[in-house]
There are 2 protein chains.
Amino acid sequence: MAKGTEIDDLDRKILSILMRNAKKPYTDIAKQLFVSGGTIHVRMKKLEDAGIVKGYHLAVDPSKLGYDISAFLGIYLDKSSLYEDVARELAKIPEVVAAHYTTGLYSIFATIVCRDTKHLRDVLHDKVQKINGIQRTETFISLQESINRPIHITDEPFLDEEG
Amino acid sequence: MAKGTEIDDLDRKILSILMRNAKKPYTDIAKQLFVSGGTIHVRMKKLEDAGIVKGYHLAVDPSKLGYDISAFLGIYLDKSSLYEDVARELAKIPEVVAAHYTTGLYSIFATIVCRDTKHLRDVLHDKVQKINGIQRTETFISLQESINRPIHITDEPFLDEEG
DNA sequence: GTTGAAAAATTCCGCCG
DNA sequence: CGGCGGAATTTTTCAAC
């Protein structure tokens with residue numbers, strides 16, 4: 001895996017700012033970091049071309065859209081070699097927003113977001129449990145999300161809007 | 001909890017598009033949905049004011065920034081009443097990117113992102129295990145992330161870039 | 001990495017259905 | 001009242017240095 005892209009401190013600072021507020025104008029970031037707007041643009045193009053920046057996403061409040069329940073699923077497989085097949089089936093369930101192949105107790109760790117407890121029950125019973133290769137699942141319902149933030153990639157404790 | 005904001009199908013479609021690509025120009029979205037650019041702007045302002053849109057984030061590839069290990073932590077507390085205190089301490093650890101108070105086996109479910117196995121070991125041993133009130137933890141290392149996507153809020157199976 | 005000018009997008013406001 | 005359309009402002013983009 002060739003590593004043809006050097007990331008310096010300026011790149012990390014730009015990313016750190018945009019991870020928190022992707023709408024911040026390049027001109028503002030430039031002022032904050034004491035470089036020109038063009039430099040931010042060139043750096044971002046490099047980071048996008050290198051695949052380091054994967055996309056720009058809107059963060060929404062699921063509960064305000066009627067999605068009140070999120071839950072984590074620890075999934076036991078009949079055989080761990082079935083991982084690919086099961087992951088493909090999980091991807092077909094729109095309520096599944098994340099899935100990881102993991103070490104430890106479970107083979108797959110998935111996150112699902114549902115409207116209410118009935119919806120959750122339906123997804124688990126009618127969709128997840130029907131997937132071939134899943135032995136059983138353990139469900140952890142999230143009662144409260146206390147932390148949700150991007151990874152921290154700079155030395156600074158905080159680097160956010162306003163310059 | 002007053003519910004003073006009605007979300008219609010147009011709002012949901014706009015959100016669905018921007019959740020996948022927050023950089024998409026309002027003018028493009030307007031064309032795709034057969035309304036004017038001004039309408040997109042007004043709707044987005046409403047959605048932001050209502051707190052439905054919480055922010056705009058850059059998605060980055062952690063491994064390309066040298067963060068190769070992500071892991072899930074199932075945390076057992078001495079007493080579940082300690083949740084607030086423990087959550088506050090977890091928030092001080094920069095490597096902790098998510099934490100949920102959950103039903104089921106664990107009291108808290110956390111996600112951490114680290115550079116390598118040594119870094120992970122240091123975070124677990126020197127930071128997490130030192131927190132008062134944590135009885136023990138179970139660690140699930142993610143070997144592969146197969147699904148990671150926004151919640152699905154429209155009837156359409158897909159609604160993305162290009163109009 | 002910078003500058004400055006052209007192109008594009010966002011934002012705002014008066015008008016219409 | 002909610003959507004429309006154009007004009008003013010701001011931002012992005014891209015050349016040459």
Side-chain angles (χ1 to χ4, degrees), chain A residues 3-60 64-66 153-156 159-163, chain B residues 2-60 64-65 153-156 159-163:
Chain A
K3 212 23 206 58
T5 313
E6 288 306 315
I7 305 302
D8 68 12
D9 206 53
L10 179 60
D11 293 322
R12 269 187 290 271
K13 281 178 178 161
I14 295 168
L15 289 175
S16 186
I17 291 168
L18 288 172
M19 279 191 291
R20 291 169 172 286
N21 177 14
K23 270 254 163 146
K24 187 161 203 174
Y26 287 1
T27 39
D28 283 14
I29 299 169
K31 261 179 279 181
Q32 184 174 346
L33 299 180
F34 305 105
V35 293
S36 75
T39 298
I40 307 293
H41 180 254
V42 169
R43 296 302 188 105
M44 282 304 291
K45 176 147 183 27
K46 177 187 77 176
L47 293 166
E48 285 173 357
D49 290 346
I52 292 168
V53 170
K54 292 197 296 185
Y56 298 81
H57 298 305
L58 202 64
V60 302
K64 294 218 168 102
L65 289 169
I153 57 172
T154 61
D155 299 332
E156 275 90 323
L159 194 65
D160 79 332
E161 60 249 62
E162 223 25 37
Chain B
K3 218 9 213 67
T5 314
E6 288 306 315
I7 304 302
D8 68 11
D9 206 52
L10 180 58
D11 294 322
R12 269 187 290 271
K13 282 178 177 162
I14 295 168
L15 289 175
S16 186
I17 292 169
L18 288 173
M19 279 192 290
R20 291 167 172 287
N21 177 15
K23 269 253 162 148
K24 186 160 203 174
Y26 286 3
T27 38
D28 282 15
I29 299 170
K31 262 179 280 181
Q32 184 175 345
L33 299 180
F34 306 104
V35 294
S36 75
T39 299
I40 306 292
H41 181 253
V42 169
R43 296 302 188 103
M44 282 304 292
K45 176 149 183 24
K46 178 186 76 176
L47 293 166
E48 286 173 358
D49 290 347
I52 291 167
V53 170
K54 291 198 296 184
Y56 299 82
H57 299 303
L58 202 64
V60 302
K64 294 220 168 98
L65 289 169
I153 58 173
T154 60
D155 297 333
E156 276 90 321
L159 195 64
D160 79 333
E161 61 249 61
E162 224 24 39

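In what follows, chains carry the letters A, B, and so on, assigned in the order in which the sequence lines appear, proteins first and then strands, with residues in each chain numbered from 1.
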Rounded interatomic separation in angstrom, taking NZ from A:K31 and P from C:dG1
20 Å

d(B:Y56 OH, B:L18 CG) to nearest 0.5 Å is 6.5 Å

Of B:K23 and B:D8, whose closest DNA chain D nucleotide lies nearer the 5' terminus?
B:D8

Quick one: B:K24 NZ to C:dA9 C1', roughly how many Å, whole number?
15 Å

Got B:I7 and B:L47 here, is their nearest side-chain heavy-atom distance under 4.5 Å?
yes

Please state whether the phosphate of D:dC4, meaning OP1 or OP2, lies under 4.0 angstrom from any side-chain nitrogen or oxygen of B:S36.
yes

Answer yes or no: does a side-chain N or O of B:H41 lie under 4.0 Å from OP1 or OP2 of C:dT10?
no

Within this structure, what is the OH-to-P distance between A:Y26 and C:dA8, rounded to whole angstrom?
17 Å

Over how many whole Å does the gap from B:D28 atom CG to D:dT12 atom P extend?
16 Å

Considering heavy-atom distances to DNA chain D, does A:P25 or A:K45 have its closest nucleotide positioned more toward the 5' end?
A:P25

Candidate nucleotides C:dG1, D:dT13, D:dC4, ranked by approach to the side chain of A:R43 - the nearest:
C:dG1

What contact category does B:V35 fall into here, base, sugar-phosphate, or nothing, at under 4.0 angstrom with non-hydrogen atoms?
sugar-phosphate

Could you tell me how far apart B:M44 (CE) and C:dC12 (C1') are, to the nearest whole angstrom?
17 Å

Which whole-number value in Å describes the distance from A:K46 NZ to D:dC14 P?
18 Å

In whole angstroms, the gap separating C1' of D:dT12 from CG of A:L18 amounts to 13 Å

Pairwise distance CG(B:D11) to OG(B:S16) - rounded to 0.5 angstrom
12.0 Å

B:R43 versus B:D8: any side-chain heavy-atom pair under 4.5 Å?
yes

In the structure I gave you, are the side-chain heavy atoms of B:T154 and B:D9 within less than 4.5 Å of one another anywhere?
no

Atom CD1 of B:I40 and atom C1' of D:dC4: how far apart are they, to the nearest Å?
12 Å

